[in-house]
Protein chains: 2
Amino acid sequence: MYHANMALEPNTRESVAQMLRAHGITPTHQRIEIALVLFERCWHPSADQILTAVNVRYAETSKATVYNTLKLFLDKGLVRELIVDPNKVFYDSNTSAHHHFYDMSSGEITDIPAEGVRIDGLPPLPAGMVTAGVDIIVRTRPGI
Amino acid sequence: MYHANMALEPNTRESVAQMLRAHGITPTHQRIEIALVLFERCWHPSADQILTAVNVRYAETSKATVYNTLKLFLDKGLVRELIVDPNKVFYDSNTSAHHHFYDMSSGEITDIPAEGVRIDGLPPLPAGMVTAGVDIIVRTRPGI
DNA sequence: AGATCGGATTAGACAGAGTCCAAAATTCAA
DNA sequence: TTGAATTTTGGACTCTGTCTAATCCGATCT
Ligand SMILES: [Mn+2]
Ligand SMILES: [Mn+2]
Ligand SMILES: [Zn+2]
Ligand SMILES: [Zn+2]
């Protein structure tokens, strides 16, 4: 997966710190850990998965900080929320426009690149409204 | 609690009961009330809105029954879930294929008819998977 | 270095949505 | 009418996420 925010930088603490500074975020120890977890690979973790991943080595980050930080990253455009499951929000470190497969049986989320996908025939927006985003979710389940 | 003298058009109650039977659902009083609330107009209520609406005249239906019934209706294909808000599920009594505008500032949900909307260029599904549904959510907010 | 001070972190209380359970109520076929 | 099967129910419980006030930094100044 292409990470718009990572360019070709290695996932070092220093490169992550620079990315945070570039987005106007003071790079604290906890924020760097959370960013490393978010960008280390292509996944769509929940807050709880991030909390677990960040504390694998030492318990050094609290639940409150994970939620605080995810909200901050969201405000600053570093991550986006994925609303596909009734029970929890998933976070997507790929902020470029794209869509998703959602396997309803396993919960697995897979990116669909936006290039090549085209939506035709949408009606005009209600008066005075502006588009904040168009999400396509293809819900799948194991075939016969 | 069942009240024998509820003033409601017998045709409407009876037609709802028949619809439930046609879907293999035993039409109890609570289920009929919930179905009436769901189908009385075009809206996308949450479980809590349904609970409130059903109990406007008398408190005759419990929270547990609303959730039980919504799950039953979902299984039987009478309603569909709408996952657009991180905090609650909305229910859609329109089960034909269609899409939605979601006004992020007011929470208002508006139907987009599927006729005329076309999605091109979706990649093939992961091996062994089958489509359970394709949802387009156009998130909007008040314009400039 | 030591003191300062504002932002960041934290534990744990709290809230809202939804689930579960065992007891009570009801349905409906016999 | 009867009673077994189904449905309903209050309330405890779980889970995700929020809030708050105390504490902890860590960058800057002397
Ligand atoms: Mn939930
Ligand atoms: Mn929530
Ligand atoms: Zn994604
Ligand atoms: Zn709808």
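To find a chain, count down the sequence lines: A is the first, B the second, and so on, and within it residues start at 1.
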Distances under 3.5 Å between protein N/O atoms and the N/O atoms of nucleotides 6-9 of chain C, please, pair by pair.
from  : atom 1 : to    : atom 2 : distance (Å)
C:dA8 : OP1    : A:R31 : NH1    : 3.3
C:dT9 : OP1    : A:T28 : OG1    : 2.4
C:dT9 : OP1    : A:Q30 : OE1    : 3.2
C:dT9 : O3'    : A:Q30 : NE2    : 3.0

Side chains of B:H44 and B:D111: any donor to acceptor distance under 3.5 Å?
yes
Measure from [atom1] on [X] to [atom2] on [N] and round the result to the nearest Å.
{"X": "B:R21", "N": "C:dC28", "atom1": "CZ", "atom2": "C1'", "value": "12 Å"}
{"X": "B:E33", "N": "D:dT8", "atom1": "CD", "atom2": "P", "value": "12 Å"}
{"X": "A:I50", "N": "D:dT16", "atom1": "CD1", "atom2": "P", "value": "13 Å"}
{"X": "B:N55", "N": "D:dG10", "atom1": "CG", "atom2": "C1'", "value": "14 Å"}
{"X": "A:Q49", "N": "D:dC15", "atom1": "CD", "atom2": "C1'", "value": "15 Å"}
{"X": "B:L74", "N": "C:dG18", "atom1": "CG", "atom2": "C1'", "value": "14 Å"}
{"X": "A:K63", "N": "C:dT10", "atom1": "NZ", "atom2": "P", "value": "13 Å"}
{"X": "A:L51", "N": "D:dT18", "atom1": "CG", "atom2": "P", "value": "14 Å"}

Kindly work out whether a path of hydrophobic side-chain contacts (I/L/V/M/F/W/Y, heavy atoms less than 4.5 Å apart) joins [X] to [Y].
{"X": "B:F39", "Y": "B:V54", "answer": "yes"}
{"X": "A:I32", "Y": "A:V79", "answer": "yes"}
{"X": "B:L51", "Y": "B:I34", "answer": "yes"}

Should A:I50 and A:Y67 count as side-chain neighbours, where that means a heavy-atom distance under 4.5 Å?
no
Is there a side-chain contact between A:Y67 and the phosphate of D:dG17, meaning an N or O under 4.0 Å from OP1 or OP2?
yes
Among D:dT9, D:dT18, D:dT16, the nucleotide that comes nearest once only the side chain of B:A64 is considered:
D:dT9
Any donor-acceptor pair under 3.5 Å linking the side chain of B:T69 with the backbone of B:V66?
no
